[in-house]
Amino acid sequence: MPQATVHLLRHGEVHNPDGVLYGRLPEFHLSELGREMAQVLAAHFADRAAQGARFVYLASSPLVRAQETAAPAAEALQLQIHTDERIIEAENYFQGMKVTKAELKRPRHWPHLINPLRPSWGEPYKEQAARVRAAVQDARLRAIELAAGDYGTNGPEAIMVSHQLPIWATRLSAEGRPLWHDPRKRECTLTSITSLVFDDAGALLRVEYSEPAAALLPGAATTPGA
């Protein structure tokens, strides 16, 4: 089978005036800046396609911010958006709250803070990485099937629109690094692309990272875990 690449695309900026950790809550739409980011990413993929890249599969988390990020790329590449529950945002006890130092000092939260290695406040990092990596492998195989022998310049490529923490946990897992980390040090900005490149046998060759919308990042929201 040919080499294939699966791109994990983080969604764009979300309209979140209260600064809450929105997690899996519904109806958190992209902001105006987030929509602009999504358009920039669509143009980036379209430019690569014009240069010979073969994008054949597009999937998104079911959450609206991911679906809205995927929509311009779907139009630009003439692809259908497939919804994959496995690349949804991580579960989080603090969902819906504005997580501040004062809030974290409330005794009722302490049982959820005892084990940052798991972490105790939400879905275990190992489970996040496992579900996303399974989705990535399925996307890789689906891309090869859909390419039907027309592999472009670097093999068929798939795009999966997901969320910061699941993407970061997947990258750490793929690179063999510990999954526990400081959330402030994740290399996974809004609409960044974490690319998993596989060889002919389906083994991971390398992980690549890029920020096509870097020019739009200054001033964007920085809510942790968003």
Side-chain angles (χ1 to χ4, degrees), residues 7-48 55 58-77 79-104 121-123 128 132 159-171 181-195 209-226:
H7 304 285
L8 294 173
L9 168 62
R10 186 185 172 194
H11 62 79
E13 186 192 61
V14 173
H15 179 66
N16 182 21
D18 295 326
V20 302
L21 198 158
Y22 36 79
R24 295 182 177 182
L25 293 174
E27 301 307 318
F28 274 85
H29 296 266
L30 293 183
S31 66
E32 182 176 348
L33 178 60
R35 291 191 292 272
E36 185 177 356
M37 290 176 172
Q39 292 290 345
V40 169
L41 265 294
H44 166 76
F45 289 127
D47 286 346
R48 288 204 56 240
F55 294 102
L58 173 62
S60 172
S61 155
L63 296 176
V64 67
R65 60 188 185 270
Q67 295 277 330
E68 290 176 347
T69 302
E75 181 177 358
L77 300 174
L79 293 174
Q80 176 185 351
I81 300 173
H82 300 268
T83 299
D84 194 326
E85 295 278 351
R86 295 173 295 180
I87 58 174
I88 197 171
E89 177 64 281
E91 292 180 344
N92 195 309
Y93 163 79
F94 294 101
Q95 175 177 291
M97 301 182 196
K98 189 171 184 177
V99 183
T100 63
K101 290 182 179 179
E103 184 64 35
L104 293 177
W121 55 80
E123 182 183 7
Q128 295 178 49
V132 176
I159 302 165
M160 307 189 84
V161 187
S162 185
H163 308 268
Q164 186 189 64
L165 179 51
I167 293 173
W168 184 241
T170 301
R171 177 175 172 181
H181 61 278
D182 183 340
R184 297 168 298 181
K185 296 181 179 180
R186 295 172 187 158
E187 187 181 36
C188 189
T189 61
L190 293 164
T191 53
S192 62
I193 304 173
T194 300
S195 303
Y209 177 78
S210 62
E211 297 177 351
L216 298 178
L217 293 174
T222 57
T223 303

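Heavy atoms only: backbone and side chains are in, while hydrogens, waters and symmetry mates are out.
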Does [Y] offer a backbone N or O that forms a donor-acceptor pair with the side chain of [X] under 3.5 Å?
X      : Y      : result
Thr69  : Gly12  : yes
Glu103 : Lys98  : no
Glu13  : Ala221 : yes
Arg24  : Leu63  : no
Asp18  : Val20  : no

Donor-acceptor pairs under 3.5 angstrom involving side-chain atoms of residues 209-218: please list them, not counting sequence neighbours.
residue: Tyr209; atom: OH; partner: Thr189; partner atom: N; Å: 3.1
residue: Tyr209; atom: OH; partner: Thr189; partner atom: OG1; Å: 3.4
residue: Tyr209; atom: OH; partner: Glu211; partner atom: OE2; Å: 2.6
residue: Glu211; atom: OE2; partner: Thr189; partner atom: OG1; Å: 3.2

Separation of [Y] [atom2] from [X] [atom1] (nearest 0.5 Å):
X     : Y      : atom1 : atom2 : value
Arg65 : Ser60  : CZ    : OG    : 10.0 Å
Arg86 : Ser61  : CZ    : OG    : 12.5 Å
Glu91 : Gln128 : CD    : CD    : 9.0 Å
His11 : Leu41  : NE2   : CG    : 12.5 Å
Ile87 : His82  : CD1   : NE2   : 11.5 Å

Minimum heavy-atom distance between [X] and [Y], given as atom pair plus value:
X      : Y      : result
Cys188 : Ile167 : SG-CG2, 3.8 Å
Ala76  : Ala42  : CB-O, 4.0 Å
Glu89  : Pro166 : OE1-CD, 3.4 Å
His163 : Ile88  : CD2-C, 3.6 Å
Leu165 : Arg186 : CD1-NH2, 3.4 Å
Ala70  : Val161 : CB-CG2, 3.7 Å

Checklist entry - Which class fits the ring pair His181 and Trp168: parallel under 30°, tilted 30 to 60°, perpendicular over 60°? => result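 Aromatic pair His181/Trp168 classed perpendicular.
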Next on the checklist: Would you call the rings of Phe55 and His7 parallel, tilted or perpendicular, taking 30° and 60° as the class edges?
Outcome noted: tilted
Answer yes or no: is there a side-chain heavy-atom contact under 4.5 Å between [X] and [Y]?
X      : Y      : result
Phe45  : Leu9   : yes
Leu8   : Val132 : yes
Ile159 : Leu79  : no
Leu30  : Met37  : no
Leu104 : Lys101 : no

Next on the checklist: Taking atom NE2 as the centre, does His44 end up with more than 12 heavy-atom neighbours from other residues, nucleotides or ligands that are less than 6.0 angstrom away?
Outcome noted: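 Above 12, so yes.
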Checklist entry - Under the side chain to side chain contact (heavy atoms under 4.5 Å, CB included) criterion, do Arg10 and Gln164 qualify, and how do the steps go? => result CA-CA 6 Å; Arg10 186 185 172 194; Gln164 186 189 64; 3.2 Å; yes
Checklist entry - What's the verdict on side chain to side chain contact (heavy atoms under 4.5 Å, CB included) for Arg171 and Glu187, showing C-alpha distance, side-chain angles and the deciding distance? => result CA-CA 10 Å; Arg171 177 175 172 181; Glu187 187 181 36; 2.7 Å; yes
Item to check | Working for side chain to side chain contact (heavy atoms under 4.5 Å, CB included), residues Leu21 and Met97 | outcome: CA-CA 6 Å; Leu21 198 158; Met97 301 182 196; 6.0 Å; no
